[in-house]
Amino acid sequence: MFTRPDVHATELDGGGVLLASRTPLGPLPRSTSTFLTRWVVRDPDRPLFIEPDAAGGTEERVVTYAGALATARSLGQALLDRGLGPARGVAILSGNSIDHALVTLAGALVGVPVVPISVAYSTRATDFSRLRDMLAVVQPGLVFCADPAACPAALDAIADLGAELVCATPARDGRAHALLSELESTTATGAVDEAAAAVDLDTVAKVLFTSGSTGVPKGVPTTHRMLLANQVALQQIWPFLAETPPVLVDWLPWSHTFGGSHNVGLVIANGGTMVIDHGRPAPGLIDVTLANVRRHRPTISFNVPAGYAALLPHLEADEELAAAFFSRLQLIFYAAAALPQDLWQRLEAVSERTTGRVVPMTSSWGSTETAPLATAAHFPLERAGNIGVPVPGVELKLVPAGGKLEMRVRGPNVMTGYLGGRGPHDVPHPFDDDGFYRIGDAGRLADPDDPSAGILFDGRIAEDFKLTTGTWVSVGQLRVDALAAASPLLADAVVTGHDRESVGLLAWPAPTAAPDDPDVRRRITEGLAAHNAVAGGSSRIVTRVLLLTEPPSIDAGEITDKGYINQRAVLERRAADVERLHAADPDADVLVIAPGGG
């Protein structure tokens, strides 16, 4: 099902190595809309988007490829009528939905960039300064908010920015707005065709804001070239896509590059179907996901480690659910955060028990700035951690930095620079002298004698720190190992110990693990003590844990819309907790872990 990787390695002066696929990137279509129109011709009545109701019931809204293109043309005309264009786009404050998708397709068709912004900034935030900052940078001419009742305070906070408000449902507070249905009833004219003909590979299709894991969110202009380079490379390394149009049951937010660019793009490029899952890996909401999986049976599963951690207990306990999930599943894909090995093994076990075979598991690596695909593991894997090799068209440079190898990326999938702006959006130049994007992650060759064997992710360079002993702590790997050792009792954690004698964890208990339960505390302590017994070295040993009761704050940038923890923001905001954790005489809330397992 994979194309065998063929990677060339060139040693660099001063150390390091340059990696690239010997397979050139295939030709790119003129714009992302080319894929949509191609499938309209081939199979106009095939479902493109299916949106089950938010409660996981049987009611569904379906849009075919032909229907999507027709509506996108009408919406595109409405956008042009309002004077929107490459410099004046559409901000989307709502989550995944067919309406969201149609607005996005319309923008791509006529060259109007869309700016999907995490719903957390308008619904869960209490301080809307970040939302205002982002909109001030992109200066949209139109804001789409499906349900104005979901975020009235946010809409009040941005009302003075001058963008027209469009909603899918009428506002009940007298707020001035247009209805999306009115825009959809616009008659498309030749202006749509003229605008579509002007769209080329360098036209900005969308602006995505980074999660802020390395500071304030930054605007990334994402061109049609970047998106198409990703999809053409995927078709080259995953030839099975040509045989089976993908069916995804997907909750990943479209304000992020994984869900909105990678997954939606994969579906449209290959004539597939996107089932818009309104569930999430959270108590109560996971039941919605389970209902959608039972009904629609995905062919590829895309998720993050937290998603698989929430899904696995149900697959293990419910044979009918497992049968539905695995019945036509071709590939299990995890991304962004490393997958603990115990989750990997449990997924393999339940797939083999259910189907008599192990469904292949894979991963890739990249970022918002790379649209996102830069490397992919298009070869069999036995465990988590291998992020694969550069995909066709991508060059990857590994440069010595602080005892590790920093990964830098160059290719048609890479942005040309962040959006400008004042204040927090003034950012350093992110490229080296050779034009490689400095992503900030580290990696090492799985086999120094065989570059096609892949790259092992080696953490974020900016997150690693030294103990007072001078020993470097690899934060990313230690976090994964610690969570696996305490599985399934910890939901997430950040690693502490910068310029201290030992390593600690600020950790959030799993929803089912009460932080004051003596049995929970004992099991966490014993699990980490067992980890310490075989870890070897002070940089691998966790000596203390403080269980946090306050959830991560979206306002403070501690958490992204996918639930990823921002290590830097947590440590800055919870400096007092770090001091408690490492105090010479810790209080009773701090779990003290035996350093050697005894």
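A donor-acceptor pair under 3.5 Å is formed between the side chain of Gln236 and the backbone N or O of Pro24. Arg4 places no side-chain N or O within donor-acceptor distance of the main-chain N or O of Phe379, the cut-off being under 3.5 Å. In terms of modelled atom types and a separation under 3.5 Å, the side chain of Thr244 and the main chain of Leu241 share no donor-acceptor contact. The closest donor-acceptor contact from the side chain of Thr375 to the backbone of Ile387 lies under 3.5 Å. Side-chain atoms of Thr370 do not come within 3.5 Å of backbone N or O of Val414 as any donor-acceptor pair. The backbone N or O of Ala157 lies less than 3.5 Å from a partner atom in the side chain of Arg132, making a donor-acceptor pair.
Checked against side-chain hydrogen bond (donor to acceptor under 3.5 Å, both in side chains), His177 has no partners two or more places apart in sequence or in another chain.
Ring orientation note: the planes of Phe2 and Phe240 are nearly perpendicular, at an angle over 60° on the 30°/60° scale. Ring geometry for Trp238 against His262 counts as perpendicular: the plane angle is over 60°, on a 0 to 90° scale with 30° as the lower cut.
Within the 4.5 Å cutoff, the side chain of Leu266 has heavy atoms near those of the Leu234 side chain. Between Pro390 and Glu395 the shortest side-chain heavy-atom distance does not fall below 4.5 Å.
In the displayed structure, Glu182 atom CD is contacted under 6.0 Å by more than 12 heavy atoms of other residues, nucleotides or ligands.
Between Trp254 and His100, the ring center distance clears the sub-6.0 Å criterion.
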